Protein chains: 2
Amino acid sequence: MSILADVARIAGVSKSTASRALSGRGYVSEDTRRKVEQAAAELGYVVSTAAASLVTGRTRNVGVVIPYINRWYFGEVLEGIEASLIQAGYDLTLYRLSSDAELRRRVFDYFLVRKRVDAVISVAIALSPHEVHMLQALGKPLVGIGGLIPGIPSLSIDDVETARLATEHLISLGHRRIMHVGGDQHEQMDFRVHSQRYIGFERALREAGITVDDDFRDAEFSIQGGYAAGLAVLGDPRTRPTAIFAGCDEIAIGIMVAARQLGISIPNELSVIGIDGHPLAETFGLTTLVQHPGDQGARAVELLLGQIDATADGPPKEHLVLPTTLTVRSSTAVRREAPVAQA
Amino acid sequence: MSILADVARIAGVSKSTASRALSGRGYVSEDTRRKVEQAAAELGYVVSTAAASLVTGRTRNVGVVIPYINRWYFGEVLEGIEASLIQAGYDLTLYRLSSDAELRRRVFDYFLVRKRVDAVISVAIALSPHEVHMLQALGKPLVGIGGLIPGIPSLSIDDVETARLATEHLISLGHRRIMHVGGDQHEQMDFRVHSQRYIGFERALREAGITVDDDFRDAEFSIQGGYAAGLAVLGDPRTRPTAIFAGCDEIAIGIMVAARQLGISIPNELSVIGIDGHPLAETFGLTTLVQHPGDQGARAVELLLGQIDATADGPPKEHLVLPTTLTVRSSTAVRREAPVAQA
DNA sequence: GCCACATCGGGAACCGGTTCCAGGAAGCAC
DNA sequence: GTGCTTCCTGGAACCGGTTCCCGATGTGGC
């Protein structure tokens, strides 16, 4: 374990010159820079981040709070964030926040507050004003993904509009008896994504002058969740919808599996549309509105690094809305007249 | 931002006493401890980890290197590690290693070497002797999950034996024309898991005196991968196996989806078995050998913390073998005589 | 009453960098 | 030549804790 003083000695310069040479700040002649770099390489020198950040106050480390790791959307976002941070020479410290309030408090009060991280990315977590304020008071930039937090820059798709488009697609195919299978709207964690999508769904129906009662069923955001909901919703031919807008692709796929098992033909007897662009959507021929979570992660890092480099309180607290694109596959089709349903 | 000196002043003691009171090391009377703690609470004081680790040399931070985030097994392991580390007051710094050799070099030479982490957990990554040596030279404990690295403690299931058991299950049901759909055995990343499972598969066949040619097909470790391989393998009735041992549950499920699409009935015409205990296995009625990746992550942390606390080079460099249990569902059944196959 | 020992608190060195400041050398215009 | 700016370097203070060492006090045994 060599230290800067060793490098300086070997290179025949002072500590301060060695520091300047290696960090690239301040004046150093090309000649001495080479000497210092060579000495450093020779000794296998690496800076002590602890010492450096003690004096500079910056850690080159970003904290990420995220509710799930093992769900497609979140995994993708995380991968995108990680790749971008490494690229920029930053470390990523991961905090998974479950619904455990005590854990959450600890993460904020203990982990994030210590001068461990320069900034925080919050993925699909509805931060409380108190939490936001705390981080801002510490001067730590904050970027949100997957929903908007008042006062901080964030980026996400437009959940209302995306849901509306998905539903509209079904309506344009002639469907009237449409159901939405999505997440529990009262779940706090997930940034109100669920309720936003429900609102978009309702809006599309309203615009088309369609009234349905019993138009919603909640499901866990997974294939299993979709499967269970599908079995429940599709079981009775008399009440069965002709089309389902699923809250995400995983739910949609679960519904397709359930339909297949119940002998319901897709898209002849049932159309299904999702949101995400999950890799399985292609395998299952699922029509979906595609988003790119990995890119969202990368963009969030960009925004964040911009804020870190900005000489404090400069840049706009913007909210970036990302586009989604409709990819039509074989899970949606024009409604056949009176498939089975007849009350 | 209050510092220790402020706390000491408010409490009316010296810096050293304040430090002892807060860290719990050394003699401090109960009375002064209370005073210091109260002062700290009042000021909202939190230690600067940078300053602390500069002098102690410990960061309370563990690095995790992992090849994937968005695959079930890896996500589960990561969740297990994260939960245990937080519990123990440690941070988790995440490094995703893709097949990019340059990235890998950077992570090891630059990120892990800086005194950022106290220890490293390597998930399913076959570390080179050089990499192991480097970390050990730095005195950083190292634990492996999902395969064994010579000289360092690690834990994993017995891939050979698990694969043998899975195959044996198929054989015991009367199957003879058995195929293994698994990962590419030459892939470096994945810790030779693939080749180990193939070896177990072959061993079971050999023990039963079965010879099959064309008994292997490689697939990506995902539902899509299994689906693609399934279509290819099951297309021709003349060469179709009566049972498939899949390298993991996701592949198995992909095969089941493909079979259903091809009109092949499971388990009447085809038995499928996997490895993992993926939550979807239950949904799909998949027979599988269950492992618990989350627990593996937790155990790895235990091992690691044990090593950190040990007064250097103490504990055994053990390799922990974890059990897997066979869960029989409806995807495997006794072989029906001459289903379709007849060359 | 004295000594040994445990308990408690303060002073100061130290961890390993970064940066401010001062000062010297060199280049250029006048 | 002088005065100014620009380039380069070294000395020293400093970031915010931890810990070693030493002295003071209290306590119990003989």
Side-chain angles (χ1 to χ4, degrees), chain A residues 1-37 39-40 43-61 89 91 110 113-118 138-139 311, chain B residues 1-40 43-61 89 110 113-118 138-139 311:
Chain A
M1 278 300 79
S2 56
I3 63 174
L4 185 63
D6 297 340
V7 175
R9 192 162 32 73
I10 299 285
V13 298
S14 71
K15 256 174 67 180
S16 41
T17 302
S19 173
R20 267 176 304 219
L22 293 174
S23 69
R25 278 182 292 271
Y27 292 118
V28 178
S29 75
E30 197 46 46
D31 202 37
T32 53
R33 155 166 295 126
R34 255 198 302 278
K35 273 194 302 190
V36 172
E37 267 166 2
L43 294 173
Y45 169 80
V46 256
V47 289
S48 157
T49 50
S53 67
L54 176 56
V55 44
T56 60
R58 304 169 98 225
T59 61
R60 296 191 76 76
N61 187 20
D91 278 329
Y110 179 64
V113 164
R114 301 185 311 174
K115 322 200 166 161
R116 265 289 166 78
V117 297
D118 286 342
L138 264 56
T311 30
Chain B
M1 276 300 80
S2 56
I3 63 174
L4 185 63
D6 298 339
V7 176
R9 192 164 31 74
I10 300 285
V13 297
S14 72
K15 256 176 67 179
S16 40
T17 302
S19 173
R20 268 178 305 228
L22 293 174
S23 69
R25 278 181 291 271
Y27 293 117
V28 179
S29 73
E30 197 46 46
D31 204 39
T32 53
R33 152 166 298 125
R34 256 198 302 278
K35 273 193 302 191
V36 172
E37 267 165 4
Q38 196 186 324
L43 294 173
Y45 169 80
V46 256
V47 289
S48 156
T49 50
S53 67
L54 177 56
V55 44
T56 61
R58 303 170 97 223
T59 60
R60 296 191 76 76
N61 186 21
Y110 178 65
V113 163
R114 300 184 314 173
K115 322 201 165 160
R116 264 290 166 79
V117 298
D118 286 342
L138 264 58
T311 30

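It should be emphasised that the depicted structure is a prediction, and the values quoted were computed from it without experimental measurement. Scope of the values below: all heavy atoms of this structure, side chains included, with no hydrogens, waters or symmetry mates.
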Q: Just compare D/dT9, D/dG17, C/dT18 and give me whichever is closest to any side-chain atom of A/A52.
A: C/dT18
Q: What's the CG-C1' distance between B/D31 and D/dG26, to the nearest Å?
A: 16 Å
Q: Over all strands shown, is B/L4 touching base, sugar-phosphate only, or nothing at heavy-atom distances under 4.0 angstrom?
A: base
Q: Would the base of C/dG17 count as contacting A/S19 through its side chain, where contact means a donor and an acceptor less than 3.5 Å apart?
A: no
Q: Test side chain to side chain contact (heavy atoms under 4.5 Å, CB included) on B/S48 and B/I3 and set out the steps.
A: CA-CA 8 Å; B/S48 156; B/I3 63 174; over 6 Å; no
Q: Return whichever of A/A51 or B/V55 has its heavy-atom-nearest nucleotide of DNA chain D closer to the 5' end.
A: A/A51
Q: Does a donor on one side chain sit under 3.5 Å from an acceptor on the other, for B/S53 and B/T56?
A: no
Q: Which of these nucleotides, C/dG10, C/dT19, C/dG16, is closest to any side-chain atom of B/S14?
A: C/dG10
Q: NA contact type, A/S53, heavy-atom cut-off 4.0 Å: base, sugar-phosphate, or nothing?
A: nothing
Q: Ignoring hydrogens and angles, does a donor from either the side chain of B/K15 or the base of D/dG16 sit under 3.5 Å from an acceptor on the other?
A: no
Q: Does C/dC15 have its OP1 or OP2 closer than 4.0 Å to a side-chain nitrogen or oxygen of A/S48?
A: no
Q: Just how far, in rounded Å, is P of C/dG17 from CZ of A/R60?
A: 16 Å
Q: Report the residue (A/S16 or B/L54) whose heavy-atom-nearest nucleotide on DNA chain C is the more 5′ of the two.
A: B/L54
Q: Could you tell me whether the side chains of B/T32 and B/S29 share a donor-acceptor contact shorter than 3.5 Å?
A: yes
Q: Could you tell me whether the side chain of B/L4 reaches within less than 4.5 Å of the side chain of B/L22, counting heavy atoms only?
A: yes
Q: Expressed as a whole number of angstroms, how long is the span from B/K35:NZ to C/dG10:C1'?
A: 14 Å
Q: May I have the distance from B/E30 (atom CD) to C/dT7 (atom P), rounded to whole angstrom?
A: 14 Å
Q: Output yes when B/E30 and B/R33 qualify as a salt bridge under the 4.0 Å nitrogen-oxygen rule, no when they do not.
A: yes
Q: Please report the shortest heavy-atom distance between A/G89 and A/R60, naming the atom on each side.
A: O-NE, 3.5 Å
Q: Expressed in angstrom and rounded to an integer, what is the separation of A/L22 atom CG from C/dT19 atom C1'?
A: 15 Å
Q: Rounded to the nearest angstrom, tell me the gap between atom CZ in B/R25 and atom P in D/dG17.
A: 13 Å
Q: D/dC7, OP1 or OP2 - any side-chain N/O from A/Y27 closer than 4.0 Å?
A: yes
Q: Any side-chain N or O of B/Y45 below 4.0 angstrom from OP1/OP2 of D/dG16?
A: no
Q: Using OP1 and OP2 only, check whether a side-chain N or O of A/T17 sits under 4.0 Å from D/dC8.
A: no
Q: Measure from CZ on A/R34 to P on D/dC8 and round the result to the nearest Å.
A: 12 Å
Q: Does B/T56 have a side-chain nitrogen or oxygen under 4.0 Å from the phosphate oxygens OP1 or OP2 of D/dT19?
A: no
Q: Mind calculating the distance between CZ (B/R20) and P (D/dT19) to the nearest angstrom?
A: 10 Å
